[in-house]
Structures are given as C-alpha cells and as structure tokens.
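What follows is a set of notes on a single structure, which appears directly below.
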Amino acid sequence: QVQLVESGGGLAQSGGSLRLSCAASGSIVSVRTMGWYRQAPGKERESVALIIRGDATNSAADYADSVKGRFTISRDNAKNTVYLQMNSLKAEDTAVYYCAARRTYSISRSRQDYDYWGQGTQVTVSS
C-alpha cells in the first residue's frame, strides 16, 4: 500500500505563488507516475500536472493547458516527493489539490487510472 500526504496549500493573492509537496510512503517501488489533480466546487476533478517517476532519462511531464507556463512539476526520488510550483496564480486556480500516483510508467490524464490518492490540500487565490 502507498500513502500520499500533501502539504503547502493555503491562501495566495492573484499573481502570487505557492509550492505544493506530496510525500509518498509505503510500497514506494510500485509508484511509477505521480502528479496533481484539482477539484473546484461544483466541478469535476481534473488533471493539473503529471510526471513519470523514472530516472533522468525517463521523467516526462504533462500539463493541463490552463497551467502551462505557470506551474512546474518536479520530483525528488530520493525523498519520494513530488512538487508543484505554482506561479502567476489566478482566482480560477482555487481548488482542492490532490496528489495521485499509479503503478505504471505512463502518463494518463484519466483519474480512473490512478491507484493512490492523497487527502487533498486547499489552495485559495484571492483576486
């Protein structure tokens, strides 16, 4: 089993920055792809940024169009942690952000493909 614990959420002003962290524990060897989803009130959960947890030659990343150029996903395999650096925040980025992980080395935006989920961390951006 794998446990995912998010941290770093909070309140930011429009144009500001926040950095989210997701620490994985448990059967880490089974975690091959990790990433972030978000869910705003009344909306479906959507993928934000995903990354393959491979070596330096296998770290492909994927971003939702709405965050490209503003958000950056990275991982530290030694710490079993994935990060989401969020810059130029907008009010529409307000949501609960969830860390997700799956057991295969491939990026999928479908939430059904993810085996493990964190509890979520609230990000609120004031305009």
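Because the structure is predicted, anything quoted here is derived from the model rather than measured. No hydrogens, no waters, no symmetry mates; every other heavy atom, side chains included, goes into these values. Residue indices begin at 1 and follow the sequence shown.
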**OP:** Kindly give the heavy-atom pair with the smallest separation between V123 and G9, and that separation in Å.
**Re:** CG2-CA, 4.2 Å
Subject >> Side-chain donor or acceptor of R109 paired with backbone N/O of Y63 under 3.5 Å >> reply: yes
Original post:
Cationic tip of R19 within the cone over Y83's six-membered ring, i.e. under 6.0 Å and within 45° of the normal?
Top reply: yes
Original post:
Mind checking what makes salt bridge (Lys or Arg N to Asp or Glu O under 4.0 Å) contact with R32, not counting sequence neighbours?
Top reply: none
**OP:** Indicate yes or no for a side-chain donor-acceptor contact from E6 to the backbone of Y98 under 3.5 Å, with no hydrogens or angles considered.
**Re:** no
Subject >> Side-chain H-bond candidate by donor/acceptor type, S17 with N87, under 3.5 Å >> reply: yes
Original post:
Distance only, no hydrogens: is a donor on one side chain within 3.5 Å (strictly under) of an acceptor on the other, for R53 and N80?
Top reply: yes
Original post:
Can you name the salt bridge (Lys or Arg N to Asp or Glu O under 4.0 Å) partners of D115, sequence neighbours left out?
Top reply: R103
Original post:
Charged N to carboxylate O below 4.0 Å: is that the case for D93 and K90?
Top reply: no
Original post:
Where the side chain of S27 meets the backbone of V2, is there a donor-acceptor pair that is under 3.5 Å apart?
Top reply: no
**OP:** Give a yes or no on whether the ring-centroid distance for W36 and F71 is below 6.0 angstrom.
**Re:** no
Original post:
Any chain of hydrophobic side-chain contacts (each under 4.5 Å) joining Y37 to V125?
Top reply: no
Original post:
Have S106 and R102 got a donor and an acceptor in their side chains that come within less than 3.5 Å?
Top reply: yes
Original post:
For the side chain of S108 and the backbone of S110, is there at least one donor-acceptor N/O pair under 3.5 Å apart?
Top reply: yes
Subject >> Non-neighbouring partners of R45 that pass salt bridge (Lys or Arg N to Asp or Glu O under 4.0 Å), sequence neighbours left out >> reply: none
Subject >> Non-hydrogen atoms of L50 and S47 that approach each other most closely >> reply: CD1-CB, 4.3 Å
Original post:
When I51 is tested against each of I73, I107, L84 for side-chain contact (heavy atoms from CB on, under 4.5 Å), which residue passes?
Top reply: I73
